[in-house]
Structures are given as C-alpha cells and as structure tokens.
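Residue numbers start from 1 in every chain, and the chains themselves are labelled A, B, ... in the order their sequence lines are given, proteins ahead of strands. Everything quoted here is computed from the prediction, not taken from an experiment.
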2 protein chains.
Amino acid sequence: MAVTIREVAQAAGVHVSTVSRTFSAPNLVNAETRERVIAAAAELGYRPNLAARALTTGRTNNLGLIVADIANPFFPPLIKAAQSYARVRGYQVFVADTDEDPRVEEELIGTLARQVDGVLLVSPRLSNAAIVRLGADLPFAVVNRRVKGMPAVLMDVGTGAGAAVDHLAGLGHRRLVVLGGPRNSWTSGQIRRAAGAAAERHGVELSYHGPNAPTEQGGYRAAAAVLAAGATGVIAYNDLMAIGAIEGLATAGAEVPRDVSVVGVDDTVAGRLNRPKLTTIAMPTQTAGRAAVDLLLQAIDEAASGTVQMILETDLVVRDSTGPRVAVERRV
Amino acid sequence: MAVTIREVAQAAGVHVSTVSRTFSAPNLVNAETRERVIAAAAELGYRPNLAARALTTGRTNNLGLIVADIANPFFPPLIKAAQSYARVRGYQVFVADTDEDPRVEEELIGTLARQVDGVLLVSPRLSNAAIVRLGADLPFAVVNRRVKGMPAVLMDVGTGAGAAVDHLAGLGHRRLVVLGGPRNSWTSGQIRRAAGAAAERHGVELSYHGPNAPTEQGGYRAAAAVLAAGATGVIAYNDLMAIGAIEGLATAGAEVPRDVSVVGVDDTVAGRLNRPKLTTIAMPTQTAGRAAVDLLLQAIDEAASGTVQMILETDLVVRDSTGPRVAVERRV
DNA sequence: GTGAAAGCGCTAACAA
DNA sequence: TTGTTAGCGCTTTCAC
C-alpha cells in the first residue's frame, strides 16, 4: 500500500494533523518542524491522496474536458493548451469524446460530475436548455456556444465568415452556398447568419445546405448540392469538410479554384497541407483553450460571480482554394 | 451539496449499507427493497461519489493516458480509441501531454499515481530503467516500447521499415538515410535497426541522422543532411518530419520524388493530404489504443499475471513521394 | 504551534 | 436479507 500521512507523522515524530498542515497551510507550522516533516515525507516518498483530500475539502482539483471528436484536427491543439494550462494551475483533466452524440455528452457529464470541480464543454452538441439544466449541478464553461449566464469563450467566426463573403464577392462570385455543420453547432449558426448578412450587403445570392457531418465525407457528399445550386463560391463548416468538398467537386469535373472557390474554417494542419492550399478562417484554438480554463477556474472559485463571455477574433487566411470567377462560357 | 447515500437511505426507509449494496452487489438485496432504493435514488438524482468509493475499495476506476504531444496527429486517433474503449469498460481517463519532456512525464506519473488504477504510456520518452522503477508503484501498459516484464503493445514498424527499404532499393536507390526521432523513442530505434538490416541485404548504403524533433521543423532542418549525404532515398521518423523534409528539400532545389524519394511513418491525415501524397508506413493506432487499454485492465485485475506483449503489424502504403532513381546527369 | 477528535461518502466485514 | 460498526486518507475545528 502507498505511504500515508500517518507513516510520515510517525517518522517525523509529530501528529498527523501537523503533517497535514505542513502541506496545506505551511505557515501555520513551526519552520523547524516543517523541515522535519518534509524530510520524512521525501524520505518515504509520500504523495498526498487527492481523492481523500477531495472528500473533506470538496475540491477534487480535477477538470473535465468534453469534445465532440478528439480525432478532428480542430480539437487537439485546444485540448493540449487547456490541459497544459490546467496543470500549471494545479489541475488534472479528464478528456472525453462524445462522438458527436448529445446523449453521450449528457451521460459523460453525469459520470464526471462528482469527480471534477468543473467541466469545459467545447463545441457542445447539447441544446442550450440541456446545458443550463446540467449546469445547475456543476460549474461549466463553454467554448463556441453562447449560453445565458454561463462563462464562455466564443471564437467570433461571424466576422471571419463576413470577410470570406467579402473576399468571394470581390472575386466576382455571385452565387454562394454555405455548407452547414452539425445540428446544434453554434459555430455553424454563426457562419450562416454572418455570411447571409454579408451576402445581402453585396447583393449576392446565398443558399444554405445542411446539416452535414463535419468530416471529409460530409463535404464530399455535399459537393453535388453545390453544383446543383449553380454556386461558384462555397463556405464550408470546417477545413475537413472543405477538403472533402474539393474532392467531391473534382470527381464531378469541377476544379478548384478554377470553377469553384472554396473557403474552410479552423485553419488546421489539414488545410495547410491540402493542395490547393485552403483559404480558411483561422480560429484561435490555443488561446481559447487557455482562456476557457481560466474562466472555468474563476467560476469555480467565486461560486456565482458575474458571467464573463470572452470573444476572440478570427482571421480570413487567403491561400489557393479561392480565385476569380471565370465567365460561364469558359467553364466545362 | 450533492445527494449522498444517506439521503437515499432515508427516503427509501433503509440503512445506508443497503443502498450501498443495491449499487455494488444488487443480487444481495431483496428485489422489492432494491426497487424502492433505486426509485428513491432516481427521484433524488443520486450519483455515487467515485472518489469516496475509491477510498474504501482502493479502486478509482480511472486510467491515466500519457502521450508526448496531443497535437501530433499520430496520437489523437489512439487517444480517441483508448478513451472510448475505457469508457465502455467503466473507466474514465486522464489525458496528459508531456511536451516530449521525460521529466514532465515522470512528474505526471507521480501526480496521477494515487488517482488512477493504472497508466498507459504511449510512445514514452522516459528510459526503460525509469519506467521499470516507476512501474513498481503502479500498473503500467506501454505502447511502442518493449520493457521487460511489462504489458506492451508494439507496432512492428520494423517490418514496415524493411519493406520501405525493399521498395526504395527496387526503385534503384543506392544511398539511403534514416532521419531518426527523439532520443528515447523505441520506434525510432526499430526503424533504424530494421532499415539497416534490409539495406545490408540489398547491398545498399544507409546512414543515420538524428535525433531530430518529430515535427515538420525537425524534418525541414534535416533536409540539409540528406543532401550532404548524397542520398536519394529517405525514411523519416514520422509523417510530419517527412513532410518537413520534403519542404526543406524543395527549398534547396531538390524535388520529391524526382530527385529524392521520401517515406514517412504513421499514415496520418497529414500525409494523405500532403502533395505529393506521402508514401508511408501505416500504424494501427486505433487497434493499439484499444488493445493497450485491454492489457492495462488485465494487469490491474490480475495483479501479477504473465506479461503480454502484443505485436501489431504495419503496412507500407505506396503513394506519390517515392519514385525511380533518376540518373545523376539528369539531376540538377 | 501542536494534538485530539470528528467527519467527508462510501464499502466491507460481522451480527442479527 | 438487513443493520451495525469500523475505517479508507485526509482536513479542520477546537482545545491545550
């Protein structure tokens, strides 16, 4: 069995409570005694049992981090940043994947509930109502979702989407289509709304096709709808989908960017490596991961303080998947 | 405060131990009482406190999963598979990232020690000696490392590397270089050894350059060494490095695969999306993730049973980054 | 500044 | 089949 506080106490010739204090409130213990205790602890290889501590303090020093799909390249940088920052702040993090399923998400929150001090919901697939309901039990912070009264980090994809429409309109495209993501995705809604507004400003036609799976496959399948709509400009929910759409278009004989221009979202490695290099909306994922942990810890510490919603900017990164519209007669 | 076993007991009109049994050993309790307890628990929204349970049982039902770099595309599919399979088996998993630093790895193991039943070390950067020492305290399972007496899942990259050399030699390349990965990487050693043996069989020259950072940057920097060695065939430690090397070669005026053939390892999305599409050694990451959890749980359950080392096959996937050697006079 | 004692939520003998 | 009791490792009053 592992070394406990009791054995350290014995070795140092003090009472257990003194050992406890040495670690949780060192200033309350005589410097000399403290030295002795610390030496004994080091000698025996003592490590506090956090679970036991949690039982009395009510603080586990653990966080939950729930994402839709770990393997989607959008998430790993965020997970990495969140996890590493949490560690600096003294927290370990449970990472869980919902496979894009809201029911799994709810179940996971339940399982995690008693063993974490709070949960980070990244691009949740749950409805706002469900989040609010579950949030009554447990501090939450959400990323890419606006929920009344809840700390949130929002990546303002709307401005990016607007810029994308400006960009496409500027290139002469008159008929655009937005390929939406999963049903409950806030990001997807933002893109649609902002792109719609921008299109109207430019007097450009814009239609919506969705929901789609946020994957290459989803994009590949959606290519048909793009052609059916007669669009020459596409804004896809994420890079993966944009890459899939480009493949799908190629299969149907339409080349990117010659015949159709495609814009992705996220600025993942995938988009940078793809050929043509993807024009995309860059999301500040690492900043978001860090900030979300910050907000969550704040929410945990100050029970019910004022809610903070943090908005991070996004940028349009122009690469090679967008180009000027070519006159109809030259197409096909 | 959260609902405890006591309140459920009161509501159901039974003693706490009966409630406890209803959840941990339902068959030991009268069907009728059980119903009543379950109903009361559901009514109150009771959720067992796993940390408290862990205190008495010594079982946390948590696992640790330590990787070198979450953002490296090799890991996410493995993490996803491991996490999802662990959940099916009733375990939650802490995911931690060491940033390729062995000291962080050791520290993380220490922190996790008392709150998990076992730890999965995926492509560890720690020395074997350190792993054995730390493993005395806590069940481990390792992936991509062979440690005496420890359950392991090995992706047999050696055969893949041999096949890669066969492939390159078959294309006429007579001078190859292996770009190694991090210092303590078992995979890197395997590649070097197997490639060396295969090169000897073919009577082909093979040199080694390493260690390198397992990133695009690392590959980019190593390109100079490739050219200096006068090699026309390269096997890189992973896809990222291969992609970086291709860029680096291009910068130096050498085109892939015209002037130099490059083989990666891992078969990540990155490699599939890169242009030229990467010839690479496919690693069964998802299978490995699942299998490793399996082995770890086995090790946890049967204290000190016979050690299992599981070897998974790898495949050479030929794409566009390798091609026939072109006569010297046509190069440059 | 340190010790004594109670208790966090739960399980596991042991009795009844 | 159910209740009683002790205790897991730790923190936290309260005395001294």
Interatomic distance where [atom1] belongs to [X] and [atom2] belongs to [N] [whole Å]:
X: B/N49; N: C/dC10; atom1: CG; atom2: P; value: 6 Å
X: B/N61; N: C/dC10; atom1: CG; atom2: P; value: 15 Å
X: B/I5; N: C/dC8; atom1: CD1; atom2: P; value: 13 Å
X: B/E32; N: D/dT2; atom1: CD; atom2: C1'; value: 14 Å
X: B/L28; N: C/dT11; atom1: CG; atom2: P; value: 13 Å
X: A/E7; N: D/dC10; atom1: CD; atom2: P; value: 9 Å
X: B/L44; N: C/dG9; atom1: CG; atom2: C1'; value: 15 Å

Can you establish whether the number of heavy atoms outside B/R183 located under 6.0 Å from its atom CZ is more than 12?
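Count not over threshold, so no.
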Is the number of heavy atoms from other residues, nucleotides or ligands under 6.0 Å of B/Q309 CD greater than 12?
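Yes, because the 6.0 Å sphere around CD of B/Q309 holds more than 12 heavy atoms from other groups.
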On DNA chain D, compare the nucleotides closest to A/R6 and A/R53; which residue's is nearer the 5' end?
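So the residue in question is A/R6.
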B/V29 vs A/L55, nearer the 5' end of DNA chain D by closest nucleotide:
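The answer here is B/V29.
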Minimum heavy-atom separation for A/G135 and A/M150, please, with both atom names.
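Minimum heavy-atom contact is CA-CE, 4.4 Å.
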Give me the atom names and distance for the closest heavy-atom approach of A/R145 to A/A152.
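That would be O-CB, 3.5 Å.
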Five-pair end axes of the helix from C/dG1-D/dC16 to C/dA16-D/dT1, angle between them (10°):
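About 40° separates the two local helix axes.
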Quick one: salt bridge (Lys or Arg N to Asp or Glu O under 4.0 Å) pairs with a partner in residues 62-89 of chain A, sequence neighbours left out?
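Qualifying pairs, neighbours excluded: A/D69-B/K80, A/K80-B/D69, A/K80-B/D97, A/K80-B/D99, A/R87-B/E107, A/R89-A/D294.
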Counting side-chain heavy atoms from CB outward, which of D/dC8, D/dG9, D/dG3 is closest to B/H15?
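From the listed options, D/dG3 comes nearest.
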Main-chain N/O of B/G181 paired to B/S185 side chain as donor or acceptor, under 3.5 Å
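The answer is no, because no donor-acceptor pair under 3.5 Å joins these two groups.
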Ignoring hydrogens and geometry beyond distance, is a side-chain donor-acceptor pair present between B/D117 and B/T60 at under 3.5 Å?
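The criterion, which ignores hydrogens and geometry beyond distance, is satisfied for B/T60 and B/D117.
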Hey, what do you get for OH (B/Y46) to CZ (A/R114), rounding to the nearest 0.5 Å?
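Atom-to-atom, B/Y46:OH and A/R114:CZ are 8.5 Å apart.
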From B/N62 CG over to B/Y91 OH, what is the distance, rounded to the nearest 0.5 angstrom?
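Separation between the atoms: 9.0 Å.
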Tell me which of B/Y46 and A/G13 sits closer to the 5' end of DNA chain C, going by the nucleotide each one is nearest to.
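Result: A/G13.
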Is any side-chain N or O of B/S17 closer than 4.0 Å to OP1 or OP2 of D/dT5?
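No, because none of the side-chain N or O atoms of B/S17 sits under 4.0 Å from OP1 or OP2 of D/dT5.
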Quick check on contacts: within residues 18-27 of chain B, what sits under 4.0 Å from DNA chain D by heavy-atom distance?
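B/T18, B/R21, in order of number.
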